[in-house]
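Side chains are part of it too, since the values below use all heavy atoms of this structure and drop only hydrogens, waters and symmetry mates.
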Amino acid sequence: MPELPEVETTRRGLEPHLVNQRIMTVIVRNPRLRWPIPSQLAAELPGQRIHTVQRRGKYLLLDCDKGSLILHLGMSGSLRVIDAATPPEKHDHFDLLLEGGAAMRLRDPRRFGAVLWAKGDVLAHPLLASLGVEPLTEDFSGNWFYTQTRTRSAPIKQVLMDSHLVVGVGNIYANEALFRATINPKTAANRIGLERCTKLVEAVQTTLQLSISAGGSSLRDFVDSNGNPGYFQQQYWVYGRTGLTCKQCGAAISQIKQGQRSTFYCPRCQAR
DNA sequence: CGCCAGGCCTGCACGC
DNA sequence: TGCGTGCAGGCCTGGC
């Protein structure tokens, strides 16, 4: 389940293998992702050079000569750089063959991911244009978050996961950050004061940073890696720990549903 | 067999 | 009226 740290780790792993590489061939084995992979890619991409590998939210952006390739991993997607001769497996839907014999291969069993092509300003693409602030920049501050949430009466967890406000905070890290900030996930966002907003913003940043740092250790093995950099090393405070004891206070971790998503929290540490 | 997990878009209903 | 907001549905497969 790639969240921002996994996407950023993937970006860092891809970057040295892709930048300044020329695309030789595009292989689409199954175009049926969240949206169809554009059929013109196979004709349009070969010959183009990749200039940068960037990230916006959970989208990876490969800036090429004549446009940008937009990649999203959905919830089960992974990207690897492998030898182009490696036989594809069942859910390997998309390859970019590079000069020199390497390939970037997308695997996505559940096909919630996306491969799209944007000409011109990629950030103006409909999927990217209305995204919120990047959580690891100064734009995401306690003051800003406090101001933004005054009109939001929804539970703080759902507001935190609104990608039109702040990007990259998925279910796992929303739960973890709220624990760190000792805020109850059900609290209405506009009932959280400036001080606690600041605490929450810092908790989000700490949670994401720590996770990126953990994922970084697998970067060296990105080529031929399992394609899930960092993901298996996670240590969670609350996520997936229903009924287990809180690592902070020993109370039993609760699980509830919010907006059709599972929420985990410590009823004692996160009382309000 | 049924249910659940996950990201996030789309479409719809609601209130100011 | 129009907009912001919040809710629900849908897309998929693997694992229990």
On the nucleotide [N], are OP1 or OP2 found under 4.0 Å from the side-chain N or O atoms that [X] carries?
| X | N | result |
| --- | --- | --- |
| A:Lys90 | C:dG14 | yes |
| A:Gln255 | B:dA5 | yes |
| A:Ser153 | C:dG6 | yes |
| A:Arg152 | C:dG6 | yes |
| A:His164 | C:dG4 | no |
| A:His91 | C:dG14 | yes |

*Sub-3.5 Å donor-acceptor pair from the side chain of A:Gln255 to the main-chain atoms of A:Thr263, do we have one?*
no

*Counting distance only, does the side-chain N/O of A:Asn171 pair as donor-acceptor with the main-chain N or O of A:Ser262 below 3.5 Å?*
yes

*Base, sugar-phosphate, or nothing for A:Gln260, non-hydrogen atoms under 4.0 angstrom?*
base

*Please walk me through it: do A:Val28 and A:Leu41 pass side-chain contact (heavy atoms from CB on, under 4.5 Å)?*
CA-CA 9 Å; A:Val28 180; A:Leu41 279 189; 5.6 Å; no

*Using a heavy-atom distance cut-off of less than 4.0 Å, which residues of residues 26-37 of chain A contact DNA chain B?*
A:Arg34, A:Trp35

*Nucleic acid contacts - residues 120-127 of chain A versus DNA chain B, non-hydrogen atoms under 4.0 Å*: A:Leu127

*Residues of residues 111-118 of chain A with any non-hydrogen atom less than 4.0 angstrom from an atom of DNA chain C: list those, numerically ordered, please.*
A:Arg111, A:Phe112

